[in-house]
Amino acid sequence: MSGARLERASPAPAGQRAALRADALAGLTAPRKTLPCKWLYDTEGARLFEAITRQPEYYPTRTEVGILREQAPAIAAAVGPGATAVEFGPGDGGKAVLLLSRLQAPAAYVPVEIAPEWLDAVASRVSEEVPGVPVLPVVADFARAFGLPSGVPRERRLGFFPGSTIGNFEPTEAADLLRRFRAALGPGARLLLGADLVKGRAMLEAAYDDAAGVTAAFNLNLLHRLNRELEADFDVPAFRHRAVWNAEEERVEMYLESLRAQRARLAGREIRFAAGETIHTENSHKYRPERLEALADAAGWRARAMWTDQGRLFSVWLLDAR
Ligand code: AVJ
């Protein structure tokens, strides 16, 4: 497969650390403190996120997997034979295995992932569990403009973006992202997209603040990460996790709240907190079906089908490039 490359795993790249430092300094010296949610996912963060998906309150993962299983015949019929599945951010490859094993004679699987060591693991897992489907891994940051290598078949491309990862993006950024997927996949492509749906506050806030404290640990790990990687000295137990449903913006917002007035050192700077002051660490946007359709439309896609669960908690969409 010409063009696709599989790089070797590299430990904590220096460029990453510089980017983390720059983001942390900018975000923590702003009047309203904030940190980009992508930094939640170091090795420990990825492990904690995996644990979140097994919490009883966190309905999205099991609901989406249930939809993909139960609607597999309808999805496979709508997609048709010979698809090349291009997954943006494949995680552990579990959903790819589920999809590929249900599609009719998929032509290839193309995981697109920024971290080469993850990509390696996903490629091995999928090759092993879905033998006979060629795996063409691509190292790329799908959050920026990217192209697919020439070795990826052009016919019947099916983008795959499950997990409601779309929810991490502001609506205008989400539209940009869907537009980039369309550009990378080319004319005639389809996109299978998972999006979490708007629902009542209690269920949403519980999903992002589970009783076992796993989401709290996931959020607080960001401060541990700053301590580990930037030699900062945050007193982590002096912060607490908060999850709030913002009904106006239709998103769950995650914060780290300072329990008292305190200061921390970070990259030669002093960061001060008032008691009750917060760091905004993540947004998880939820969609109403009509808003998702409008978003897709604005980005050059037309909704062809939508599948949901009995409780209408989560949605899986098949979009056609317009
Ligand atoms: C990985 C972005 C889909 O928003 O539900 C879960 C991340 N954060 N619990 C989500 C997350 C806290 C998750 N996504």
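Quick caveat: nothing in here was measured; it's all calculated off a predicted structure. We use all heavy atoms of the structure for the numbers below, so side chains are in, but hydrogens, waters and symmetry mates are not.
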Indicate whether any N or O donor in one side chain lies under 3.5 Å from an N or O acceptor in the other, for Thr281 and Asn219. yes

Yes or no on salt bridge (Lys or Arg N to Asp or Glu O under 4.0 Å) for Glu170 and Arg251, after CA distance, side-chain angles and deciding distance? CA-CA 10 Å; Glu170 297 299 315; Arg251 67 191 191 196; 3.4 Å; yes

Scan side-chain atoms only and decide if Trp301 and Asp320 contain a donor-acceptor pair under the 3.5 Å cut-off. no

Does CZ in Arg201 sit with more than 12 non-hydrogen atoms of other residues, nucleotides or ligands closer than 6.0 Å? yes

Is there a side-chain contact between Asp209 and Glu205, using heavy atoms and a 4.5 Å cut-off? no

Tell me whether the count of non-hydrogen atoms from other residues, nucleotides or ligands lying under 6.0 Å of CD in Glu270 goes above 12. yes

State, without any angle test, whether Thr63 and Asp309 hold a side-chain donor-acceptor pair at a distance under 3.5 Å. no

Looking at Arg322, I want to see if its CZ is surrounded by more than 12 non-hydrogen atoms of other residues, nucleotides or ligands under 6.0 Å. yes

Flag the pair Lys286 and Glu250 as a salt bridge only when some basic side-chain nitrogen lies within less than 4.0 angstrom of an acidic carboxylate oxygen. no

Tell me whether Arg304 contacts the main-chain N or O of Trp317 through its side chain, where contact means a donor paired with an acceptor under 3.5 Å. no

Does Thr165 use its side chain to pair, donor to acceptor, with the backbone of Phe161 at less than 3.5 Å? no

Side chains of Tyr109 and Glu87: do they bring a donor and an acceptor to under 3.5 Å? yes

Any non-hydrogen side-chain atom of Val135 less than 4.5 Å from a side-chain atom of Val122? no

Ignoring hydrogens, what is the shortest heavy-atom contact between Leu204 and Tyr59? Give both atom names and the distance. CD2-OH, 3.3 Å

So, the side chain of Arg157 versus the backbone of Gly186: is there a donor-acceptor pair under 3.5 Å, distance only? no

Donor-acceptor contact present, side-chain Asn168 to main-chain Asn283, <3.5 Å: yes

Treating Asp210 as the side-chain partner and Glu57 as the backbone partner, does any N or O pair qualify as donor plus acceptor under 3.5 Å? no

Side chains of Glu44 and Asn221: any donor to acceptor distance under 3.5 Å? no

Quick check against the 3.5 Å criterion: does Glu231 have a side-chain atom that pairs as donor or acceptor with the backbone of Asn227? no

Under the 3.5 angstrom rule, does the side chain of Ser315 hit a backbone N or O of Thr308 as a donor-acceptor pair? no

Would the number of heavy atoms belonging to other residues, nucleotides or ligands and lying under 6.0 Å from CZ of Arg179 be above 12? yes

Within the distance-only criterion (no hydrogens, no angle test), does the side chain of Ser258 pair as donor or acceptor with the backbone N or O of Arg260 below 3.5 angstrom? yes

Indicate, with yes or no, if Leu192 and Leu136 share a hydrophobic cluster defined by side-chain heavy-atom contacts under 4.5 Å among Ile, Leu, Val, Met, Phe, Trp and Tyr. no

Donor-acceptor pair, distance only, cut-off 3.5 Å: does the side chain of Arg263 make one with the backbone of Phe273? no

Donor-acceptor side-chain pairing of Tyr255 and Lys33 below 3.5 angstrom: no

For Phe169 and Ala174 the tightest heavy-atom approach is CB-N, 3.8 Å

Residues Lys95 and Glu64 bridged, charged N to O under 4.0 Å: yes

So does Asp92 pair up with Arg125, basic N to acidic O under 4.0 Å? yes

A quick test of your reading: do over 12 heavy atoms of other residues, nucleotides or ligands sit less than 6.0 Å from CD of Glu249? yes

Give a yes or no on whether the ring-centroid distance for Phe160 and Phe181 is below 6.0 angstrom. no

Considering residues, nucleotides and ligands other than Arg272, do more than 12 of their heavy atoms fall under 6.0 Å from its CZ? no

